[in-house]
Protein chains: 2
Amino acid sequence: MTLPILRDFKCSHCPIRHRAVCSHCDADELSALESIKSYRSFSAGETILWRGEPLEYVASLVTGVAALSKTLEDGRTQMVGLLLPSDFIGRPGRDEIEFDVTATTDVTLCCFARSPFEQLMQATPHLTQRIMELALDELDAARDWMLLLGRKTAREKIATFIEMLVRRAPSEAGTNTSVIPLSMTRDQIANYLGLTLETVSRHFNALKKEGVIEFTDRKFVAVKNLKALRIATGDDTDIQVAL
Amino acid sequence: MTLPILRDFKCSHCPIRHRAVCSHCDADELSALESIKSYRSFSAGETILWRGEPLEYVASLVTGVAALSKTLEDGRTQMVGLLLPSDFIGRPGRDEIEFDVTATTDVTLCCFARSPFEQLMQATPHLTQRIMELALDELDAARDWMLLLGRKTAREKIATFIEMLVRRAPSEAGTNTSVIPLSMTRDQIANYLGLTLETVSRHFNALKKEGVIEFTDRKFVAVKNLKALRIATGDDTDIQVAL
DNA sequence: GACCAACATTGATGTAGATCAAATTATGAC
DNA sequence: GTCATAATTTGATCTACATCAATGTTGGTC
């Protein structure tokens with residue numbers, strides 16, 4: 001009954017395995033996807049989708065980083081999601097989305113036209129189930145972030161952010177020290193964490209002074225002490241292990 | 001392709017229509033649900049599900065209010081969801097959940113044993129699609145709440161909370177003034193909004209002084225000026241109308 | 001209706017992080 | 001390389017909300 005979390009559809013030309021696709025689907029079903037796909041590129045800063053805009057595609061992020069964000073009347077904004085390679089964009093069955101999607105770095109998408117994709121979903125229930133699983137994953141992530149936004153201190157937010165990058169970044173297992181691209185400005189990080197860019201800068205440097213992290217460039221963090229970083233997140237240790 | 005948001009499965013004995021159920025399913029499929037259901041009751045304050053506990057049921061909330069919440073190592077907690085009648089509890093395809101579910105008031109659940117429910121999902125793709133839609137709805141709600149937690153002032157949080165109650169409470173349409181049960185203590189509201197109970201109390205009374213709301217009892221709000229309340233939420237007016 | 005235990009209000013004070021304001025350091029175009 | 005612009009750091013100050021501390025209210029029980 002329980003589908004494992006799979007990343008095992010490797011379509012031709014894409015260097016990633018699309019998370020949306022179900023391993024239970026047979027070859028014919030998967031090749032149906034090949035025939036409806038196309039690629040689109042966006043450069044850093046470009047808006048991929050505006051809130052309320054009609055959705056013509058669902059897509060998989062192939063390279064780069066993109067952000068989902070929401071804005072208040074007076075311009076305050078909050079990032080509500082971060083898309084890394086293999087993440088799925090789009091809402092089958094919805095005509096529009098409730099947030100903006102922006103390219104944080106240069107981005108390539110592998111797009112599937114919505115209506116054939118939805119027809120394929122009708123025909124292959126496993127695919128629908130897979131998308132449901134992805135939505136539930138995202139929901140769990142969103143709820144973790146609600147805890148962060150509502151209750152964590154600035155220091156805990158920063159530590160959690162870096163710990164998340166370590167966890168999600170494609171990296172060689174076993175290494176205690178990892179160098180990770182931030183791919184975001186201090187301002188964008190602040191938007192993600194519900195802080196200001198000054199506070200982000202101050203706490204980055206505090207963690208650096210303590211020897212927990214190090215900056216090679218301003219764009220890359222090296223985690224020197226993963227255990228200290230995890231303690232600084234404020235999360236239950238059990239969760240840390242589980243993740 | 002797009003299924004409308006439906007609330008139209010009325011199973012016998014339940015005074016609500018279960019949101020999980022799809023209107024495209026035929027009578028046989030729906031009666032299969034009848035045969036696997038059972039009822040469970042919880043009194044206010046009881047924990048319905050602990051984080052990490054194995055999930056034996058999926059359920060629909062029939063009466064009362066329940067809360068989803070997450071806790072940090074040192075005890076700080078954040079509510080990450082509020083369940084009102086007709087809301088769905090459970091994660092088909094998951095063995096456990098990442099948060100606690102607690103009865104805020106006395107609660108009745110209509111439970112469906114997980115494994116037959118999941119078998120039914122396999123057999124009736126529409127049901128899977130419906131659950132996916134619910135997950136996407138919850139995801140949208142979670143993201144709205146992320147904006148609230150990350151960027152709104154205490155006043156805006158309180159106004160948004162009351163506005164949400166107005167929107168979600170079953171009420172006669174057209175009335176400009178509505179009396180709504182809070183069903184939560186100041187402390188629980190504070191947990192939902194990422195505030196302290198004192199701040200909740202102060203801003204409730206500020207809005208009261210301004211004539212925007214009124215308290216009959218401490219447990220019921222009457223909205224006297226819905227327009228002023230909506231302005232106080234800080235949201236884009238477009239969204240307000242759309243909701 | 002008197003008592004008790006939750007719950008809520010109100011006030012005084014403290015503080016984390018926002019805001020304002022330079023100074024410093026990258027980055028990229030020519 | 002040099003300049004211009006954007007991003008970042010650092011410092012000084014301010015403020016919304018938290019925290020601490022009473023006091024007041026409500027509702028249930030006997």
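So that the names make sense, note that chain A is the first sequence line, chain B the second, and so on, each numbered from 1.
With hydrogens and angles ignored, a donor-acceptor pair closer than 3.5 Å exists between the side chain of B:R202 and the base of C:dG11. For B:Q188 and C:dC7, a side-chain-to-base donor-acceptor distance below 3.5 Å is absent, hydrogens and geometry of angles not being considered. Contact annotation: side chain of A:R186 to base of C:dT25, donor-acceptor pair absent below 3.5 Å.
The distance from atom CZ of A:R218 to atom C1' of D:dA6 is 10 Å, rounded to the nearest whole Å. Note: CG (A:D187) to P (C:dA18) measures 12 Å, nearest angstrom. In this structure, A:L195 atom CG and D:dT8 atom P are separated by 15 Å, rounded to whole Å. Atoms CZ (B:R151) and P (C:dA18) sit 8 Å apart, rounded to a whole Å. Remark: P of D:dG24 and CG of B:N205 are 16 Å apart, rounded to the nearest angstrom. If you measure from atom NE2 of A:H203 to atom P of C:dA18, you get 8 Å, rounded to the nearest angstrom. As a whole-Å value, the separation of A:I158 CD1 from D:dT9 C1' is 14 Å. One atom, CG of B:D217, and another, C1' of D:dT25, lie 11 Å apart when rounded to the nearest Å.
Of the N and O atoms on the side chains of A:T77 and A:K70, not one donor lies less than 3.5 Å from an acceptor on the other residue. Side-chain contact, A:E46 with A:S43: a donor N or O sits under 3.5 Å from an acceptor N or O.
Distance from the side chain of B:E198 is smallest to D:dC20 among C:dG17, D:dC20, D:dT8.
Here B:S201 does not reach the OP1 or OP2 of C:dA8: none of its side-chain N or O atoms lies under 4.0 Å away. A sub-4.0 Å separation between OP1 or OP2 of D:dA7 and a side-chain N or O of A:T185 is absent.
Judged by the 6.0 Å and 45° rule, B:R186 forms a cation-pi pair with B:F215.
Looking at heavy-atom distances under 4.0 Å, A:G194 makes contact with sugar-phosphate atoms alone, never a base. Using a 4.0 Å heavy-atom distance criterion, B:T196 is classed as a base contact.
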Passes side-chain hydrogen bond (donor to acceptor under 3.5 Å, both in side chains), B:N191 versus A:R151? Steps please. CA-CA 9 Å; B:N191 267 340; A:R151 294 296 179 204; 3.3 Å; yes
Give the intermediate values and the outcome of side-chain contact (heavy atoms from CB on, under 4.5 Å) for residues A:E73 and B:T233. CA-CA 10 Å; A:E73 211 172 17; B:T233 64; over 6 Å; no
